[in-house]
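Chain naming here is simple, since letters A, B, ... match the order of the sequence lines and numbering starts at 1 in each. Atoms considered below: every heavy atom in the structure, side chains included; atoms not considered: hydrogens, waters and symmetry mates.
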2 protein chains.
Amino acid sequence: MNGQTRISWVQVRDKIRTRILDRVYSPGDKLPRDEDIAVELGCARTTVHRAMQDLVQAGLVERKRKGGTQVRIDPLTRATFDIPITRREIEQRGSKYDYQLISSILEDPPTPVLARLGVQQRSLLLHVKALHLADNRPYIFEDRWINTRSTPDILSIDLKCESANEWLVRNKPYTHVDVRFYAINAEDETANYLSTNAGDALLVIERTTWFAQDPITTVQAVAAPGYQLTSLV
Amino acid sequence: MNGQTRISWVQVRDKIRTRILDRVYSPGDKLPRDEDIAVELGCARTTVHRAMQDLVQAGLVERKRKGGTQVRIDPLTRATFDIPITRREIEQRGSKYDYQLISSILEDPPTPVLARLGVQQRSLLLHVKALHLADNRPYIFEDRWINTRSTPDILSIDLKCESANEWLVRNKPYTHVDVRFYAINAEDETANYLSTNAGDALLVIERTTWFAQDPITTVQAVAAPGYQLTSLV
DNA sequence: AAGTGGTCTAGACCACAAC
DNA sequence: TTGTGGTCTAGACCACTTG
């Protein structure tokens, strides 16, 4: 076969997935060896492997050397979310973006913030509060702490013009990130900024980033009422 | 070269990633052709391709035929969440799992539920409410609607013993799922089931599944106060 | 029209885990 | 020990997209 294509890995993946959905291979069942599937479908083993890669990532099957390929017993739902720069998110919805710096103060962080960053030693961090608006309405209230030890440059940035969110994303690459979602009742201050009422349920997207072991920043992005995070298709 | 390995795709990926983080290749920059990188690092082009596959998925670079590989200008944060069966989630935390069926009624769904499922025609759906407990404390309140047209078998299941969550995951494969997160203020009923107070902010994980065009089920999983969803490392 | 990534093949060897 | 998936190579052709 001189490099001739017979069947694509996408087709192979779909064939196998169909068999799993149709219970030809049921949860817990062992699939044939890659080699056998390759022979059956008339393609190279590499192609079957590429297809399996996709099914593993989707959470449909599990593979082990020597153990073979098994249909997962508890298929799980795996959802992926993109968290872009807030400005981009708003502009992509076709809305007008605005930004307001609320405060930017060097101060001693409370213990929970230190815990999020994973540091023991107390040190002054830059505490930045800001508001992102879509079509002149509050969209996200950002409460951020920045490690001035790892990111001294931030002190010379005029955060009234450029948001810390944007500056950091563009200028401070990170190697590791922790993302978590939860709900809070709006406090007076937050409610005020988001033009809503104290006690309203708000979604928080919390992110903390590191470069190697070095903490960079941790942020609570508090979304206005009605905000929904939706998974990629 | 008789199939001899020189460098793994993981090493290639890490080298390129390091260059991006160190701004050897800055945001917006074009990377060398795969072929050139392969020659430089002394490996096959396929190996570079495998490495790039990983960087694309991480959201670090973008690739286009003829256009080459480019470092993303706005690196985005991409977070993946596994949403397992609730029982499994609780047991994996090392807690004792319990389950209570609250109600199971065939009824006419309200319009928002129809919208979630993407159907116009009214028809009776099975409306199931249930509570999942961890160590005897309410953990998740599940408010679910099941399409009896696509899933008639559900009517013969004793939902007092097996949760609809579990039965569906095991017996009803799906081809497409929509996942979304948002926050709500607890209503009296919800607060009651979750042993908390009306008005408390609660995180909702909403999922809707289809098999091809056929809607299967839509569920609001309302988590007890304090619940956090965290991304995979 | 031409350049670059995307994929397929066939064959080899490696690494892990089951037996 | 042995079987299975994981990966690498070299070469070929395909498909998209840019100039």
Checklist line | Exam field: side chain A:N147 to backbone A:P215, donor-acceptor pair closer than 3.5 Å | finding: yes

For atom [atom1] of [X] and atom [atom2] of [N], their distance in whole Å:
| X | N | atom1 | atom2 | result |
| --- | --- | --- | --- | --- |
| B:D34 | D:dC14 | CG | P | 20 Å |
| B:Q53 | C:dC8 | CD | P | 11 Å |
| B:Q70 | D:dT18 | CD | P | 11 Å |
| B:E35 | D:dA10 | CD | P | 11 Å |
| A:R50 | D:dC8 | CZ | P | 14 Å |

Notebook entry, point to check: Do you know the tightest heavy-atom contact between B:I90 and B:L133?
Noted result: CD1-O, 3.6 Å

Checklist line | Inter-residue atom distance B:D54.CG - B:R13.CZ, 0.5 Å rounding | finding: 4.5 Å

Item checked: Atom pair CD/CD of A:Q53 and A:Q57 - distance to nearest 0.5 Å -> 8.0 Å

Would you tabulate the pairs of protein nitrogen or oxygen atoms and nucleotide nitrogen or oxygen atoms of nucleotides 16-19 of chain C closer than 3.5 angstrom?
from: C:dA17; atom 1: O4'; to: A:R65; atom 2: O; distance (Å): 3.4

Note to self: Measuring from the side chain of A:R45 (C-beta onward, heavy atoms only), which nucleotide among C:dC13, D:dC8, D:dG11 has the closest atom?
What the structure shows: C:dC13

Checklist line | Selection from C:dG6, D:dG5, C:dT9 that lies nearest to any side-chain heavy atom of B:H49 | finding: C:dG6

Next item on the list: List for me each residue that meets ring-ring contact (aromatic ring centres under 6.0 Å, His included) alongside A:W145, sequence neighbours excluded, and say none if there are none.
Entry: A:H127

Note to self: What contact category does B:T47 fall into here, base, sugar-phosphate, or nothing, at under 4.0 angstrom with non-hydrogen atoms?
What the structure shows: sugar-phosphate

